[in-house]
Amino acid sequence: MQIQTATLGYPRIGKNREVKKALEAFWSGNVESESLLQTVQKVEESNWKTQLETGIDHIGIGDSTLYDHVLDWTFRFGLIPERFQQLFGLERYFTMARGKEGIPTLEMTKWFDTNYHYLVPEIAEETLPSDFSDFLERVSRAQKILGKQAIPIVLGPYTLLRLSKLSLNIQQAVSKLIPLYINLLTELKNLGVEEVQIHELALVLSDAKSWKENFQKVYQSLSLVRIPLHLVTYFDDLGETYPWVIDLPVVAISLDLTRGRNLELIKTYGFPANKRLGAGIIEARNIWQIRSEKVIPMLQDIVETLHGTSLHIQPSASLQFVPYDAKRENRLPSPLRNVLSFAEQKLQEVVFLAQTIIGENTKIEQEFIKISWSKFEEFNSVKQSVQERLKTLKTDDFQRSLSYGLRLDSQISLPLFPTTTIGSFPQTSEVRQLRVRYKRGELSQSEYEAAIDAQIAESIKLQEELGLDVLVHGEFERTDMVEFFGQQLSGFAFTENGWVQSYGSRYVRPPIIYGDVVRTEPMTLREFKVAQSLTEKPVKGMLTAPVTILNWSYPRTDISRSEQAFQIALALRDEVADLEAAGAKVIQVDEPALREGLPLKIERWNEYLSWAVDAFRLATAVAQPQTQIHTHMCYCEFGDIIKDIERLDADVISIENSRSNNQTLREITEGGYSHQVGNGVYDIHSPVVPTTEQILQQLRTGVANLPLKQIWVNPDCGLKTRRWSEVIPALKNMVEATKALREEIITSNKSN
């Protein structure tokens, strides 16, 4: 049996966030496009060399991006909606991503069950000619550095179609895409490429079986180019599609062996002797070092099952979901640091496993791994307090003392269409510098808090001047909505350089959950009290909900995700009680990652939704009836889980709606959602300031779909990434549009 190593993608942001800095400098007009492209090329080539020097045999290339790899392929295939066609080059590309005056962006949503966001392609009859020049140039550069080890990565046609909005039928769309892919593969063949990775992630979705005939038609057509195709899947198992997928005309198939039941499928149905298996045995979406005593026997079992089939050992997915290098995290305790595995360590694990299986390794490295885990387990003690609380939970702990309908009248009195924001205000360079200086010891705690309080005071004054009804303190003390809470809870660890891409230039440093989670003191009380003391209007207490904290962190693997969510929920429950006691009449508990965490197989949804919704209820049910609980969700589809969202029992949900062309709002109303809804009236991810008339039109859509008393007015997400010069006029227009709508309603009622 031939055993080699491979990768399916790599972090693409630069070890020091070079791409982010270059992007934002370009958007600000401080550098030219040539400088931006040179930065991306340097990051690409550094990534390739790292993989080459580690000893990877087949290196996936071509997945780097200026904003989003799905947008890249939309752009290359000429699938340009009409509203962007009068633009050219990077102006067109970034307008599709970020919008422009009078030109709305593509819709944005979550990439399968990850916290990465992609831009949704729109495929219509009228498109522009394809242009693969940037991709072919990238492949040519990679070939000069890597030679035949450079394996181009292409987003598969089925996945592209499955993730798109279509204004033509499936057969027409398939017919449109086939010649485009044939042209691309022909160009790659002409470059001397010996194999192409085609990433078909959508094959792991429950509805993939219904695409069998179309899928077979596409791949029969692509096989005529006679360039070897490597079909790549990950994030789950192939399920019912496995028996026919393994017969497709491809030379290799990659399967994720860390999630789902692909190994069971291999044993049940076999694997073709004339194809190579890409064994995704290194977890690409978490940061824990392998446990050799578990992984090596599993790999040996695979080798025995294959009976001589060629094998590539590789990460389970692209490594874009983990940071670059755990060795850079010098401030973490050594017992924890020694069991972390980021992208570079995962490359080493891939090589280590390949060498072990072919007998080139001694037991020294395996023993080192065992010792590292042993020392970590000694370091990581169990918190008995949270364990006991979990054991004594009762049914009443998961439900408000009064139902939604009965508690409404006791809550704050507000005008028709109450106005608010989602929570955060711009994180200016001044605000960021405050945190940097405090961290360096240049500011004392009292000096830092005084400076934050000054920011809070300015934001409260601004909101009152604008005429908002429910205010926020602005979250100036928070780097990130998950990191902020994790830093104040036991059981969390934080990196200095552990950045991963969420979308575009938006990067996050996911916390690491390594132990039991306990709140040792209030987390948000001080800032809430400061803000509420400055105004007679209600100020929202602002929390991040348990499932979002869990899903946007790297979780433990020794206990279930549900138990981790409940531990976090208990900590938040105590915070809700403290905020309420301090006078908070409105408490927002954001749960944007609820939908994101859904298993990719529908048959596993009920189990997840049961504990995920219960975790939210455990965190919030402690609130008295007069306390109004809000939540926020964004950039996901709600229609298929609307009853579960209603079971959260939040009094108000604010939603992203501006990028989805009101689809989210329609899903909520068609699902019979009975609680209050904050219809996101403008897109905060675009620098474009919406006009009063545009917002008014969006509000009228809300009135057409919802009873008046259910409607709140807010932007579609937090404002931390925007500038004050964009935020102030946008909010002013939002308030003016709301006043105009109130007048329309009053006039209409009088005339009736």
Side-chain angles (χ1 to χ4, degrees), residues 67-88 91-100 102-112 117-132 154-184 200-203 205 207-208 210-215 217-218 221 635-640 655-670 680 683 685-686 688 694 697-698 701 704-705 716:
Y67 199 95
D68 162 46
H69 63 276
V70 181
L71 174 62
D72 293 350
W73 286 108
T74 304
F75 203 77
R76 289 168 186 146
F77 285 124
L79 306 175
I80 312 296
E82 185 178 359
R83 63 186 183 275
F84 304 108
Q85 290 184 8
Q86 76 275 22
L87 305 173
F88 300 94
E91 184 183 13
R92 175 190 287 165
Y93 179 89
F94 286 123
T95 301
M96 291 172 73
R98 307 176 74 228
K100 199 172 186 177
I103 307 177
T105 67
L106 294 177
E107 183 180 340
M108 180 188 286
T109 194
K110 297 294 180 70
W111 178 247
F112 295 87
H117 302 62
Y118 75 95
L119 290 154
V120 180
E122 299 173 13
I123 302 180
E125 288 191 29
E126 295 300 321
T127 59
L128 296 179
S130 58
D131 181 0
F132 307 121
V154 175
L155 181 65
Y158 166 60
T159 300
L160 180 62
L161 283 175
R162 177 64 176 77
L163 300 181
S164 297
K165 297 171 76 171
L166 305 178
S167 57
L168 61 173
N169 64 44
I170 294 297
Q171 296 302 327
Q172 291 172 321
V174 168
S175 297
K176 180 180 287 291
L177 283 186
I178 286 176
L180 300 179
Y181 274 88
I182 288 175
N183 289 343
L184 171 63
E200 290 286 16
L201 284 67
L203 275 172
L205 299 175
D207 64 357
S210 65
W211 285 64
K212 178 180 177 180
E213 290 184 10
N214 285 317
F215 203 94
K217 175 184 177 182
V218 169
S221 299
Y635 301 105
C636 61
E637 299 168 357
F638 294 152
D640 46 10
I655 59 171
E656 174 276 320
N657 190 44
S658 57
R659 278 202 175 195
S660 64
N661 195 28
N662 293 308
Q663 178 62 29
T664 306
L665 182 62
R666 286 193 292 271
E667 290 175 350
I668 281 180
T669 55
E670 290 169 5
D683 176 17
H685 291 98
S686 171
V688 177
Q694 287 170 335
Q697 187 58 44
Q698 186 72 6
T701 303
N705 283 274
D716 69 357

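Numbers here are sequence positions counted from 1. Everything numeric here is computed off the predicted structure, so don't read it as measured data. Values below: all heavy atoms of this structure, side chains included; hydrogens, waters and symmetry mates excluded.
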Heavy atoms only: give me the nearest [X]-[Y] pair and the separation to one decimal.
| X | Y | result |
| --- | --- | --- |
| P157 | L177 | O-CD1, 3.9 Å |
| L168 | A173 | CD1-N, 3.9 Å |
| L163 | F112 | CD1-CE1, 4.0 Å |
| F215 | L203 | CZ-CD1, 3.6 Å |
| S175 | P179 | O-CD, 3.0 Å |

Q: May I have the step-by-step check of side chain to side chain contact (heavy atoms under 4.5 Å, CB included) for I178 and K217, ending in yes or no?
A: CA-CA 9 Å; I178 286 176; K217 175 184 177 182; 4.2 Å; yes
Tell me whether [X] contacts the main-chain N or O of [Y] through its side chain, where contact means a donor paired with an acceptor under 3.5 Å.
| X | Y | answer |
| --- | --- | --- |
| Y67 | L119 | no |
| K165 | V120 | no |
| S167 | I123 | yes |
| S164 | L166 | no |
| E200 | T159 | yes |
| T701 | Q697 | yes |

Q: Begin with the C-alpha distance, continue with both residues' side-chain angles, and end with the deciding distance and a verdict on side chain to side chain contact (heavy atoms under 4.5 Å, CB included) for R92 and F75.
A: CA-CA 9 Å; R92 175 190 287 165; F75 203 77; 3.5 Å; yes
Q | Close side-chain approach of T127 and K176, heavy atoms under 4.5 Å | A | yes
Q. Would you say the side chain of E107 lies within less than 4.5 Å of the side chain of P121, judging by non-hydrogen atoms?
A. no
Distance, nearest 0.5 Å, that separates [atom1] of [X] from [atom2] of [Y]:
| X | Y | atom1 | atom2 | result |
| --- | --- | --- | --- | --- |
| L87 | I103 | CG | CD1 | 4.5 Å |
| L71 | F94 | CG | CZ | 8.5 Å |
| T95 | I80 | OG1 | CD1 | 11.0 Å |
| D716 | I655 | CG | CD1 | 9.5 Å |
| E126 | L79 | CD | CG | 12.5 Å |
| M96 | T105 | CE | OG1 | 10.0 Å |

Q. Got a sec, which residues hit salt bridge (charged side-chain N to carboxylate O under 4.0 Å, His left out) with R162, two or more places apart in sequence or on another chain?
A. D207
Q: Check whether more than 12 heavy atoms from other residues, nucleotides or ligands sit under 6.0 Å from atom CD of E213, and answer yes or no.
A: no
Q: Indicate the ring-plane relationship of Y118 and W111, choosing parallel, tilted or perpendicular according to the 30° and 60° boundaries.
A: perpendicular
Q | Test log, rule side chain to side chain contact (heavy atoms under 4.5 Å, CB included), inputs W73 and V154 | A | CA-CA 8 Å; W73 286 108; V154 175; 4.1 Å; yes
Q: Sequence neighbours left out, what pairs pass salt bridge (Lys or Arg N to Asp or Glu O under 4.0 Å) with at least one residue falling in residues 76-87?
A: R76-D134, R83-E122
Q. Which is it for Q171 and N214 under the side-chain hydrogen bond (donor to acceptor under 3.5 Å, both in side chains) test, yes or no, and what are the steps along the way?
A. CA-CA 8 Å; Q171 296 302 327; N214 285 317; 3.0 Å; yes
Q) Under the ring-ring contact (aromatic ring centres under 6.0 Å, His included) test, which residues partner W211, sequence neighbours left out? A) Y158
(Q) For F84 together with Y93, are the ring centres under 6.0 Å from each other? (A) no
**Q.** Check against side chain to side chain contact (heavy atoms under 4.5 Å, CB included), L128 and F77
**A.** CA-CA 8 Å; L128 296 179; F77 285 124; over 6 Å; no
